[in-house]
Amino acid sequence: MSRTWALTLAAIALALGASAAPAKADTQTFSPTADTYITEYEPDLVFGAADLRADVLNTCRGQGHCDRDDDGYVRSVPLVRFDLSAIPPTSTITSCELHLECWQFGHSMGQDQRDLAISAYRITSGWTEMVTWHSSPSWTEDFGPSVAVGDRGPVVMDDAALADIVQIWVDGLAPNYGLLLWPGEDIDYCGAKFYSRETAPSAPDGPHLTVTYIPPAPGTVVEAWRGGGFGSPAALSVNLADGSCWVADEASNEVVHLRVDGVELWRGGAFDSPQGVSVNPTDGSCWVSDSGNGQVVRLAGDGTELLRLGGFNWPAAISVNAADGSCWVADEQADLPGPAVVHLAANGTELLRIAGLWGESLSVNQADGSCWASDTLNADVLRLTGDGTELWRGPLASHSVSVDPTDGSCWVVDSSGSQVVRLAEDGTELWRGGSISSEAAVIAANLADGSCWVGDSVEVVHMDADGSELWRGGGFMAPRAISVNPMDGSCWVADTGNGQVVRLVVIGYEGPRFPDVLPYHWAYEEVEACCDADIVRGYPNGLYRPNVAVTRDQMAVYVSRALAQGDENVPEFAGAPTFPDVGTEHWALDHVEYAVSQNVVAGYPDGYYRPQYEVTRDQMAVYIARSLVAPAGEAALADYVAADPRNFPDVASDFWAYTHIEYCVENGVVQGYLDGYYHPEYVVTRDQMAVYIARAFGLLM
């Protein structure tokens with residue numbers, strides 16, 4: 001499979017304790033971006049007694065003036081910010097060089113030249129929130145000597161202190177946002193400006209920071225973020241679409257939504273002892289088990305309450321099926337009507353209730369919709385279908401289970417044996433080992449590579465699919481929950497005893513392209529191959545949306561890109577449009593016209609193309625068959641006779657697309673369904689389309 005993670009030989013040697021070849025140094029140059037670099041002077045910000053608040057910043061920019069000091073002179077502070085996120089954490093900084101183009105001026109008292117003392121400040125939040133520093137930053141350190149500048153002049157700093165400051169940043173001792181520069185406070189009654197590329201011809205590269213560093217070895221696990229402000233984080237769940245994380249804070253009776261870098265996006269307090277959260281990446285919604293209130297709540301990505309359901313005693317564990325938006329809930333308290341596992345539809349409708357199961361942990365298999373549960377009351381682990389049919393049950397005392405949908409196996413914490421166990425989907429024990437705290441361990445599988453993470457008492461352990469230990473790290477206190485993001489390999493930990501949430505990342509991890517087409521998806525390899533060939537792409541939100549129906553304009557785009565071997569090779573159309581409903585402003589004009597030129601499409605008898613019509617399986621076969629014989633198109637199929645006709649009951653020899661369907665079958669592009677029918681009327685979805693294209697054009701060969 002393409003784009004999946006694997007440890008290099010050097011990283012494997014490192015994981016096993018063997019010596020590895022030293023990593024090669026890397027050099028990167030960072031420049032301020034438009035939204036983090038102020039180029040206008042009149043003036044930028046007030047420095048001194050005035051608060052650095054958002055309204056002050058807006059007033060300065062909008063009205064061209066700011067508060068003045070006691071003598072009436074503006075004390076403004078121009079800013080330059082460098083985002084250093086491209087440097088992997090725990091890298092060793094070997095050298096840094098800062099290039100600036102500066103201008104300094106004074107007033108009528110003649111102070112027209114002053115030393116420019118540049119300082120580095122850590123940023124405590126994003127750029128727009130940065131102004132909540134108020135009158136002074138929370139941390140600062142000067143680097144390098146003051147630099148004397150005249151009217152205008154370049155400044156190059158390569159002092160060792162600058163490298164030390166960048167090292168502090170990548171070591172995680174300063175928040176992971178970047179480096180902010182401004183003049184020192186000793187420039188009384190003066191201003192200074194850092195020129196952009198546009199305003200400083202003598203500095204064509206503009207301000208930039210060059211950093212040389214030695215990255216950590218692939219496979220190294222580093223702490224990317226750690227944040228407090230939690231009473232007792234009890235559960236968390238990662239949104240695979242954007243990497244954000246939802247946290248249930250049991251002690252503060254709140255649910256918190258964190259951005260991937262730890263910035264708090266939302267916090268809500270209408271809960272009582274929330275103990276479970278589970279995110280659906282397809283729409284960003286989050287299900288919450290509001291345990292103390294005996295309710296289950298579904299929140300939108302912005303925290304808006306979409307629904308609230310009662311009828312539970314003490315809902316605890318919760319797990320969403322992303323395919324249909326349904327949710328499994330473990331109602332574990334033994335009060336009447338007793339413990340149960342409940343399956344809810346996306347709209348809250350109760351699909352089934354299985355009484356007598358005290359499910360302390362639940363995990364949905366995203367590949368087939370089955371659900372694994374730990375039945376604490378009976379000291380069993382069991383696997384259920386979506387309709388509640390019991391597929392397997394075995395005696396295993398566990399309070400944490402996590403499914404690996406790549407093969408249907410399930411990772412289980414064996415509380416009685418103080419070990420980790422991996423079960424096949426039929427319950428066969430595949431692996432058993434380790435030594436964990438019987439009442440403290442939690443487990444989470446990586447849905448892409450088969451590995452798993454275990455939180456145990458004061459440590460977190462990363463294990464490969466075969467049970468071998470890849471990494472072990474301390475600094476935790478009774479972690480109660482773990483959630484893994486297979487897109488970047490990161491692991492979020494609810495460090496409950498320390499009242500913190502921690503995000504760990506694996507250096508060198510390369511995950512799948514789309515969070516809704518992970519390696520266990522039936523069309524994963526075909527979708528990846530089509531993307532690699534520049535035939536299909538995802539949506540702006542990062543999703544592929546495999547179940548979305550394909551329209552006729554989209555189908556023309558796909559076959560045109562396949563025929564031209566990439567989108568950049570599709571010729572630009574300059575003539576009069578063939579179809580009145582695919583005019584010069586239509587986004588797919590070039591592709592539709594190229595498909596016309598290759599005799600793949602011809603339009604409807606009335607002369608229209610109908611770009612928004614959904615493509616059915618018979619139409620798809622026509623597109624593909626004609627593409628396979630392009631540019632001859634239909635003429636090349638006129639005398640085609642199938643060597644071994646499939647004879648689908650619903651595709652008779654006089655069916656309008658009979659020849660095209662048989663041609664696609666003979667060329668290994670399409671097959672019938674298990675019932676023996678072709679179902680030509682079925683609408684083609686984006687995952688099916690990728691499979692047809694990949695087969696037709698040999699993208700997996």
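Since the structure is predicted, the reported quantities are computational estimates derived from the model, not experimental observations. All heavy atoms count here, side chains included; hydrogens, waters and symmetry mates do not.
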### Query
Where do Leu637 and Val629 land on the side-chain contact (heavy atoms from CB on, under 4.5 Å) test, with the steps shown first?
CA-CA 8 Å; Leu637 299 170; Val629 296; 4.1 Å; yes
### Query
At what distance, to the nearest 0.5 angstrom, does OG1 of Thr349 lie from CG of Leu309?
8.5 Å
### Query
Relative to each other, are the rings of Trp372 and Trp392 parallel, tilted or perpendicular (30° and 60° limits)?
tilted
### Query
Does any non-hydrogen side-chain atom of Asp380 lie less than 4.5 Å from one of Pro395?
yes
### Query
Would one find more than 12 heavy atoms of other residues, nucleotides or ligands at under 6.0 Å from atom CD of Glu585?
no
### Partner of Val329 by side-chain contact (heavy atoms from CB on, under 4.5 Å), out of Pro315, Ser319, Ser278
Pro315
### Task
Using the six-membered ring wherever Trp is involved, compare the ring planes of His462 and Trp453 and label them parallel, tilted or perpendicular (cut-offs 30° and 60°).
parallel
### Query
To the nearest 0.5 Å, what is the distance between CD1 (Ile482) and SG (Cys491)?
4.5 Å
### Query
Is it true that Arg686 and Asp516 have a side-chain N and a carboxylate O under 4.0 angstrom from each other?
no
### Closest non-hydrogen atom pair between Gly301 and Trp246, with its separation
O-CZ2, 3.6 Å
### Rounded distance [0.5 Å steps], CZ in Phe697 versus CD1 in Ile624
6.0 Å
### Task
Measure up the His591 and Trp587 rings against each other and bin them: parallel (under 30°), tilted (30 to 60°), perpendicular (over 60°).
tilted
### Query
Looking at side-chain heavy atoms only, is the closest gap between Trp656 and Val622 below 4.5 Å?
yes
### Task
Using the six-membered ring of Tyr604, assess whether NZ or CZ of Arg610 lies under 6.0 Å from its centre and within 45 degrees of the ring axis.
yes
#### Entry: Test: Asp650 and Arg617 ion pair at under 4.0 Å
no
### Query
Is Asp449 close to Tyr509 at the side-chain level, that is, under 4.5 Å between some pair of heavy atoms?
yes
### Query
Take atom CD in Gln671; do more than 12 heavy atoms of anything else shown fall under 6.0 Å from it?
no
### Message
Just verifying a value: how many Å separate Asp302 CG and Ser285 OG, rounded to the nearest 0.5 Å?
### Response
11.0 Å
#### Entry: Asp644, CG: over 12 other non-hydrogen atoms inside 6.0 angstrom
no
#### Entry: NE2 on His343 to CZ on Arg353, rounded to 0.5 Å
13.0 Å
#### Entry: Nearest atoms (heavy-atom pairs only) where Gly388 meets Leu352
N-CD2, 3.4 Å
#### Entry: Side-chain (Asp375) to main-chain (Trp358) donor-acceptor, under 3.5 angstrom
yes
### Query
Below 4.5 Å, heavy atoms only, C-beta onward: do Pro546 and Thr685 meet side chain to side chain?
no
### Task
For the pair Val420 and Trp431, evaluate side-chain contact (heavy atoms from CB on, under 4.5 Å) and give the outcome as yes or no after the intermediate values.
CA-CA 8 Å; Val420 172; Trp431 182 85; 4.0 Å; yes
### Glu429 atom CD: more than 12 heavy-atom contacts under 6.0 Å
yes
### Query
Is the OH atom of Tyr677 crowded by more than 12 outside heavy atoms at less than 6.0 Å?
no
### Summary
In Leu307, Leu306, Leu299, Val297, the residue satisfying side-chain contact (heavy atoms from CB on, under 4.5 Å) with Trp287 is Leu307
### Task
Take Tyr623 and Tyr558 through the ring pair (Phe, Tyr, Trp, His ring centres under 6.0 Å) test and state the conclusion after the steps.
CA-CA 10 Å; Tyr623 276 98; Tyr558 302 140; 9.9 Å; no
### Query
So how far is it from Leu391 CG to Cys371 SG, rounded to the nearest 0.5 Å?
11.0 Å
#### Entry: Closest approach of Ile443 to Ser402 (non-hydrogen atoms, all atoms of both residues)
O-CB, 3.8 Å
### Query
Would a 4.5 Å heavy-atom cut-off, applied to side chains only, mark Leu518 and Met487 as touching?
yes
### Message
Any non-hydrogen side-chain atom of Arg298 less than 4.5 Å from a side-chain atom of Leu344?
### Response
no
### Task
Salt-bridge test for Arg626 and Glu634: reply yes if a basic N is under 4.0 Å from a carboxylate O, no otherwise.
yes
### Message
If you count every heavy atom of other residues, nucleotides or ligands that lies below 6.0 Å from Asp639 atom CG, does the total exceed 12?
### Response
no
### Query
Using 4.0 Å as the upper bound for N to carboxylate O, is an ion pair formed by Arg383 and Asp368?
yes
### Query
If every non-hydrogen atom of Gly676 is compared with every non-hydrogen atom of Pro649, which pair is closest and at what distance?
O-CD, 3.3 Å
### Message
To check you understand the geometry: which heavy-atom pair defines the closest contact between Pro631 and Asn599, and what is its length?
### Response
O-ND2, 2.6 Å
### Within-4.5 Å side-chain heavy-atom neighbours: Thr376 and Glu332
no
### Task
Can you label the angle between the Phe579 ring and the Tyr609 ring as parallel, tilted or perpendicular, going by 30° and 60°?
tilted
### Message
Quick one, Ser398 and Val401 - any side-chain contact, counting heavy atoms below 4.5 Å?
### Response
yes
### Query
Side-chain donor-acceptor pair under 3.5 Å between Gln619 and Tyr613, yes or no?
no
### Message
Within the 3.5 Å criterion, strictly below it, is a donor on Ser627 or Gln598 matched to an acceptor on the partner's side chain?
### Response
no
## Note on the structure
Heavy atoms of Met463 and Val454 approach each other most closely as SD-CG2, 3.8 Å
### Message
One pair to check against salt bridge (charged side-chain N to carboxylate O under 4.0 Å, His left out): Asp407 and Arg422. What are the steps and the verdict?
### Response
CA-CA 11 Å; Asp407 61 1; Arg422 183 164 168 251; 2.5 Å; yes
